[in-house]
Amino acid sequence: MRLALLQTAGDPANRPAANLDRLDAAAAAAVEQGADLLLAPEMFLSGYNIGRDAAQALAEPADGPSARRAADIARTRNIALCYGYPERGADGAIYNAALLLDRGGAPLLNFRKTHLFGDLDREMFAPGPGTVELAEIDGYRLGILICYDVEFPEAVRALALGGADLVLVPTANMKPYDAVSHFVVPARAFENELYVAYANRCGSEGTLDYMGLSCVGDPNGGNLVLAGEGEELIVVDLSPERLQAGRALNTHLRDRRPEVYAGVTGER
């Protein structure tokens, strides 16, 4: 699989239609480089640091008009897409969500952020249920987490135990938390024997200064690729052979002892 990560500040006015135009342009550029899947940042369609009122106003159902336009982009460009957006649930709550579409525009996964970051997230969103769901693209089993979720070992481990090969992480991480790109993402990949793709925002939004540094954690350790701090489309090849080599080298999953952790995590 050839994976593309879009690192962008997004539309300055946080207009979903303008950001969908950006998604279309990025999809076209990614396809020119042979990409099979394009990953965009957290809350890509609307902006992240937008406040409760804007999140309420811009929220759409998972099958809303923006999702239909994104499906047209996937179908027209012949590339799978994953991007973040504010979701209006059937229960009336607003969620920080990410949608994965296949090349034909069909929805594969819709994930709601489980671990909310500070007052910024909690004032806008309800927490997701933390479901462990996987989809398959080109023989890879994919799961989704959003930004802060990947900083919790249990969240990635749950997907790994479910059989994930690749975890997609749309994110909006800000300075000074660059340790996530440099250390946390590659550690999650290594300890769980899978790839972790982390697509961040860049530039400034309100009081936030996003750090960029989008990356792809390698199951063998380290990052396969690491972006700078500005606008960038990075493309990287994921090979099943590299995944298999990492799993042969690394025995964390095989050597787990759940009975030892049960008193701390409730795991059985």
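Hydrogens, waters and symmetry mates are skipped; everything else that's a heavy atom, side chains included, is used.
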Handout entry: Ion pair check, Asp165 and Arg247, cut-off under 4.0 Å
Key = yes
Practice task
List the steps and the verdict of side-chain contact (heavy atoms from CB on, under 4.5 Å) for Asn173 and Leu213.
Solution key: CA-CA 9 Å; Asn173 198 9; Leu213 302 182; over 6 Å; no
Problem - Tyr95 side chain reached by Tyr85 side chain, heavy atoms, under 4.5 Å - result: no
Problem - Student check: side-chain heavy atoms of Pro41 and Pro170 closer than 4.5 Å - result: no
Exercise for the section: Return yes if some donor-acceptor pair links the side-chain N/O of Asn223 with the main-chain N/O of Leu226 below 3.5 Å, else return no. Expected result: no
Handout entry: Plane angle bin for Tyr210 and Tyr48 - parallel if under 30°, tilted between 30 and 60°, otherwise perpendicular
Key = tilted
Problem - Arg201 side-chain N/O to Gly212 backbone N/O, donor-acceptor pair under 3.5 Å - result: no
Exercise for the section: Give a yes or no on whether a salt bridge exists between Asp72 and Arg69, defined as a side-chain N under 4.0 angstrom from a carboxylate O. Expected result: no
Handout entry: Ser46 OG to Arg15 CZ distance, which is reported to the nearest 0.5 Å
Key = 13.5 Å
Practice task
Output yes when a side-chain donor or acceptor of Arg141 lies under 3.5 Å from a complementary backbone atom of Ile137, and no otherwise.
Solution key: no
Problem - Exam field: side chain Glu193 to backbone Ala189, donor-acceptor pair closer than 3.5 Å - result: no
Fill in the blank from the handout: Minimal heavy-atom distance between Ala70 and Leu81, with the atoms involved, is O-CD1, 3.5 Å
Problem - Any side-chain heavy-atom pair of Leu120 and Asn49 under 4.5 Å - result: yes
Practice task
Indicate yes or no for a side-chain donor-acceptor contact from Tyr261 to the backbone of Arg257 under 3.5 Å, with no hydrogens or angles considered.
Solution key: yes
Exercise for the section: Give the minimum heavy-atom separation between Leu166 and Leu194, together with the two atoms involved. Expected result: N-CB, 4.4 Å
Practice task
State yes or no: do Leu253 and Leu159 share one hydrophobic cluster built from I, L, V, M, F, W and Y residues joined by side-chain heavy-atom distances below 4.5 Å, directly or via other members?
Solution key: no
Handout entry: ILVMFWY cluster, Phe44 and Val169 together (side-chain gap under 4.5 Å)
Key = no
Practice task
Say whether Met43 and Leu23 are linked into one hydrophobic cluster, either directly or through other cluster members, by side-chain heavy-atom distances under 4.5 angstrom.
Solution key: no
Handout entry: Heavy-atom side-chain proximity of Glu205 to Met174 below 4.5 angstrom
Key = no
Exercise for the section: Give a yes or no on whether the backbone of Arg188 and the side-chain of Asn192 come within a donor-acceptor separation of less than 3.5 Å. Expected result: yes
Handout entry: salt bridge (Lys or Arg N to Asp or Glu O under 4.0 Å) evaluation trace for Arg77 with Asp24
Key = CA-CA 8 Å; Arg77 301 297 183 185; Asp24 187 25; 2.8 Å; yes
Exercise for the section: Heavy atoms only: give me the nearest Leu134-Gly163 pair and the separation to one decimal. Expected result: CD1-C, 3.7 Å
Handout entry: Ion pair check, Asp237 and Arg2, cut-off under 4.0 Å
Key = yes
Exercise for the section: Kindly determine whether Asp36 and Leu3 satisfy side-chain contact (heavy atoms from CB on, under 4.5 Å), including the steps that lead there. Expected result: CA-CA 6 Å; Asp36 305 295; Leu3 174 66; over 6 Å; no
Problem - Nearest heavy atoms of Val180 and Pro186, plus distance in Å - result: O-CD, 4.3 Å
Problem - 4.5 Å side-chain heavy-atom contact, Leu99 and Cys82 - result: no
Practice task
Go through the side-chain N and O atoms of Asn19 and Tyr83 and say whether any donor and acceptor fall under 3.5 Å apart.
Solution key: no
Exercise for the section: Evaluate side-chain contact (heavy atoms from CB on, under 4.5 Å) for Leu243 paired with Tyr195, printing each intermediate quantity in order. Expected result: CA-CA 8 Å; Leu243 188 62; Tyr195 292 107; 4.1 Å; yes
Handout entry: 4.5 Å side-chain heavy-atom contact, Glu191 and His252
Key = yes
Problem - Parallel, tilted or perpendicular, as decided by the 30° and 60° cut-offs, for the rings of Tyr148 and Phe152 - result: perpendicular
Practice task
Answer with yes or no whether the hydrophobic clustering places Val236 together with Val150; edges join I, L, V, M, F, W, Y residues whose side-chain heavy atoms lie under 4.5 Å apart.
Solution key: yes
Practice task
Considering only NZ, NE, NH1 and NH2 on the basic side and carboxylate oxygens on the acidic side, decide whether Arg103 and Asp138 come within less than 4.0 Å.
Solution key: yes
Handout entry: Side-chain (Tyr140) to main-chain (Leu238) donor-acceptor, under 3.5 angstrom
Key = yes
Fill in the blank from the handout: Ile146 and Ala98 have their tightest heavy-atom pair at CD1-N, 3.7 Å
Completion exercise
Here the gap from Ile79 atom CD1 to Leu101 atom CG, rounded to the nearest 0.5 Å, amounts to 11.5 Å
Handout entry: Sidechain-backbone polar pair: Asp121 side chain, Leu116 backbone, donor-acceptor under 3.5 Å
Key = no
Handout entry: Evaluation steps, side-chain contact (heavy atoms from CB on, under 4.5 Å), between Asn220 and Arg242
Key = CA-CA 8 Å; Asn220 294 277; Arg242 193 169 187 86; 3.1 Å; yes
Handout entry: Electrostatic pair Arg112-Glu87, nearest N-O below 4.0 angstrom
Key = yes
Exercise for the section: State, with a plain yes or no, whether a side-chain heavy atom of Met211 is found less than 4.5 Å away from one of Ser181. Expected result: yes
Problem - Side-chain donor/acceptor of Asn200 to backbone N/O of Ser214, under 3.5 Å - result: no
Exercise for the section: Could you grab the distance from atom CD1 of Ile144 to atom CG of Leu109, nearest 0.5 Å is fine? Expected result: 4.5 Å
Completion exercise
Rounded to the nearest 0.5 angstrom, the CD-CG distance for Glu232 and Leu5 is 10.0 Å
Exercise for the section: Report yes or no: does Thr8 contribute a side-chain atom to a donor-acceptor pair with the main-chain N or O of Glu231 at less than 3.5 Å? Expected result: no
Handout entry: Flag side-chain contact, heavy atom, 4.5 Å: Leu108 against Leu142
Key = no
Completion exercise
CG of Asp218 to CG of Leu224, rounded to nearest 0.5 Å, is 4.0 Å
Exercise for the section: Can you measure from CZ (Arg256) to OG1 (Thr251) and round to the nearest 0.5 angstrom? Expected result: 12.5 Å
Practice task
Mind listing the closest non-hydrogen atom pair of Glu42 and Cys147 along with its distance?
Solution key: OE1-CB, 3.0 Å
Practice task
Indicate yes or no: does Asp149 engage Lys113 in a salt bridge with an N to O separation below 4.0 Å.
Solution key: no
Practice task
Check the hydrophobic clustering (I, L, V, M, F, W, Y; side-chain heavy atoms under 4.5 Å; chains of links allowed) and say if Val216 and Val184 are grouped together.
Solution key: yes
Exercise for the section: Inspect the surroundings of CG in Asp53 and state if more than 12 heavy atoms from other residues, nucleotides or ligands are less than 6.0 Å away. Expected result: no
